2 protein chains.
Amino acid sequence: MPTLVPGHAPDLVPDLVPDLSDGQALMVLRALADPIRLRVVEALAGGERCVCELTAELDLAQSRLSFHLRVLRQAGLIGARQQGRWMYYRLEPGALPGLRDWLDRLVSPRPLRSGPAPLPCR
Amino acid sequence: MPTLVPGHAPDLVPDLVPDLSDGQALMVLRALADPIRLRVVEALAGGERCVCELTAELDLAQSRLSFHLRVLRQAGLIGARQQGRWMYYRLEPGALPGLRDWLDRLVSPRPLRSGPAPLPCR
DNA sequence: ACCATAGATCAACTAATCTTGATGGGTCCG
DNA sequence: CGGACCCATCAAGATTAGTTGATCTATGGT
């Protein structure tokens, strides 16, 4: 069953997270497959952060963090908002749920040959 | 809520999939973050396959496939069974659900600072 | 206008991952 | 036993990803 996410103000109607293509899912998986980017995602799970907060919180060089933020943004996992000289990053609400749903679809589809295939190859 | 998977014969009591540590989740993500390994997982979602079937189905050199099978096995995503000269690989039933649950835990925890933080950094 | 700060981007380097072809160990069959 | 087949592993090279330090733009404060 597809996932609903809280819906943007002011209507509060839950948004349906759109299905990820295999290519999109691959991008997201690649983006998550790094310990630093995972820490960034965890930090952003606690709410919006600006880059200078993240460099402090994660103890990373600015350039290094910027590189990883770009990977996450290109994968659609995070979004950014500029305020004054600060750049605030946030988790894109549908992204992780989208991956979750994609995973569900990966596991479930047609168990055509579920048990052991007793006969050898040829 | 944690995931149940179909339980191994003959008792049929559903198995509870154990929580993945962050380190384990990272391994699984890294294993999935590759187009070839994703195709292997999709193929195995259709049931057990031996290596020679997979090389044919995915049109890969044996050595290349073997490399990726090892990555998937080390991540706990797939398991193997030898029968005669054939090696049969299957999806490890708990692995993908385990990652799914880990993802759920990643999204949900404490939205301490959910909205925009209106005040600039300093 | 000037300077300080936030952050993106770039080029050069290092490190990790993938690929390829070769080799070797099992297993089965004649 | 000898040969054919299935598969894992290894070493060398190719490819890709990540790091570092420097530079550049934009914003805001004085």
Side-chain angles (χ1 to χ4, degrees), chain A residues 23 25-41 43-44 47-90 116-122, chain B residues 23 26-41 43-44 48-90 116-122:
Chain A
L26 182 61
M27 283 289 114
V28 175
L29 287 168
R30 291 173 73 81
L32 290 177
D34 176 281
I36 291 183
R37 292 194 289 264
L38 233 33
R39 292 202 298 146
V40 172
V41 168
L44 294 182
E48 220 181 18
R49 295 278 188 284
C50 74
V51 175
C52 55
E53 285 177 300
L54 287 172
T55 53
E57 196 168 331
L58 305 176
D59 190 33
L60 293 173
Q62 180 266 320
S63 164
R64 196 177 175 193
L65 175 60
S66 205
F67 169 80
H68 290 289
L69 286 172
R70 190 157 61 93
V71 175
L72 288 169
R73 192 152 41 100
Q74 287 175 346
L77 270 163
I78 66 178
R81 163 181 80 89
Q82 185 171 5
Q83 174 170 345
R85 6 182 190 182
W86 295 276
M87 199 66 156
Y88 282 90
Y89 282 90
R90 60 187 144 58
L119 293 182
C121 247
R122 197 161 309 276
Chain B
L26 182 60
M27 283 289 113
V28 175
L29 287 168
R30 291 172 71 80
L32 289 177
D34 176 281
I36 291 183
R37 292 194 289 265
L38 233 35
R39 292 203 298 146
V40 171
V41 168
L44 294 182
E48 221 182 17
R49 296 277 189 285
C50 73
V51 175
C52 53
E53 286 178 298
L54 288 173
T55 54
E57 197 168 331
L58 305 176
D59 189 33
L60 293 174
Q62 179 265 320
S63 164
R64 197 175 174 192
L65 175 59
S66 206
F67 169 81
H68 290 290
L69 286 171
R70 190 157 61 94
V71 175
L72 289 169
R73 193 152 40 101
Q74 286 175 346
L77 271 163
I78 65 178
R81 161 181 81 88
Q82 184 171 6
Q83 175 171 344
R85 3 181 191 178
W86 293 276
M87 199 65 153
Y88 282 90
Y89 281 90
R90 62 189 143 57
L119 293 181
C121 246
R122 194 163 313 275

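In this text the structure is predicted, and so the values were computed from the model without any measurement. Reminder, nothing fancy here: chain letters follow the sequence lines and each chain counts from 1.
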Extract from the structure each pairing of a protein N or O with an N or O of nucleotides 16-23 of chain D at less than 3.5 Å, listing the distance.
{"residue": "D:dA17", "atom": "OP1", "partner": "A:R30", "partner atom": "NH2", "Å": "2.1"}
{"residue": "D:dG18", "atom": "OP1", "partner": "A:R37", "partner atom": "NH1", "Å": "3.4"}
{"residue": "D:dG18", "atom": "OP1", "partner": "A:R37", "partner atom": "NH2", "Å": "3.0"}
{"residue": "D:dT19", "atom": "OP1", "partner": "A:R64", "partner atom": "NE", "Å": "3.1"}
{"residue": "D:dT19", "atom": "OP1", "partner": "A:R64", "partner atom": "NH2", "Å": "2.6"}
{"residue": "D:dT19", "atom": "OP2", "partner": "A:H68", "partner atom": "NE2", "Å": "2.5"}
{"residue": "D:dG21", "atom": "O6", "partner": "A:S63", "partner atom": "OG", "Å": "2.7"}

Nearest-angstrom distance from the residue atom [atom1] of [X] to [atom2] of [N]:
X: B:Y88; N: D:dA8; atom1: OH; atom2: P; answer: 13 Å
X: A:R81; N: C:dA6; atom1: CZ; atom2: C1'; answer: 15 Å
X: A:L60; N: C:dG7; atom1: CG; atom2: P; answer: 13 Å
X: B:L69; N: D:dT9; atom1: CG; atom2: C1'; answer: 13 Å
X: B:L38; N: C:dC18; atom1: CG; atom2: P; answer: 13 Å
X: A:L72; N: C:dG7; atom1: CG; atom2: C1'; answer: 16 Å

| message | Can you tell me if B:S66 touches the phosphate of D:dC7, counting only side-chain N or O atoms and a distance under 4.0 Å to OP1 or OP2? | response |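 No, B:S66 has no side-chain N/O under 4.0 Å of OP1/OP2 on D:dC7.
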| query | Should B:Y89 be listed as having a side-chain N or O under 4.0 Å from OP1 or OP2 of D:dC6? | reply |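 No, outside the criterion.
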Of the non-hydrogen atoms in [X] and [Y], which two are nearest, and what is the gap between them?
X: B:A43; Y: B:L54; answer: CB-CD2, 3.9 Å
X: B:V51; Y: B:L65; answer: O-CD2, 3.7 Å
X: B:A31; Y: B:L77; answer: CB-CD1, 3.8 Å

Suppose we screen for side-chain hydrogen bond (donor to acceptor under 3.5 Å, both in side chains). Which residues come up paired with [X], at least two apart in sequence or across chains?
X: B:R90; value: B:E92
X: A:R37; value: A:H68
X: B:E57; value: B:R49

| task | Would you confirm whether B:E53, through its side chain, and B:C50, through its main-chain N or O, come within 3.5 Å as a donor-acceptor pair? | result |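 It does hold such a pair.
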| message | I need the single residue from A:V40, A:L38, A:V28, A:L44 that forms a side-chain contact (heavy atoms from CB on, under 4.5 Å) with A:L72. Which is it? | response |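 Option passing the side-chain contact (heavy atoms from CB on, under 4.5 Å) with A:L72: A:V40.
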| Contacts of A:A80 that satisfy side chain to side chain contact (heavy atoms under 4.5 Å, CB included) - sequence neighbours left out |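 For A:A80 the side chain to side chain contact (heavy atoms under 4.5 Å, CB included) partners, ignoring immediate neighbours, are A:R73, A:M87, A:Y89.
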| Contact letters for nucleotides 25-30 of chain C, in which S counts primed atoms plus P, OP1 and OP2 and B counts the base, heavy atoms under 4.0 Å | --BS--
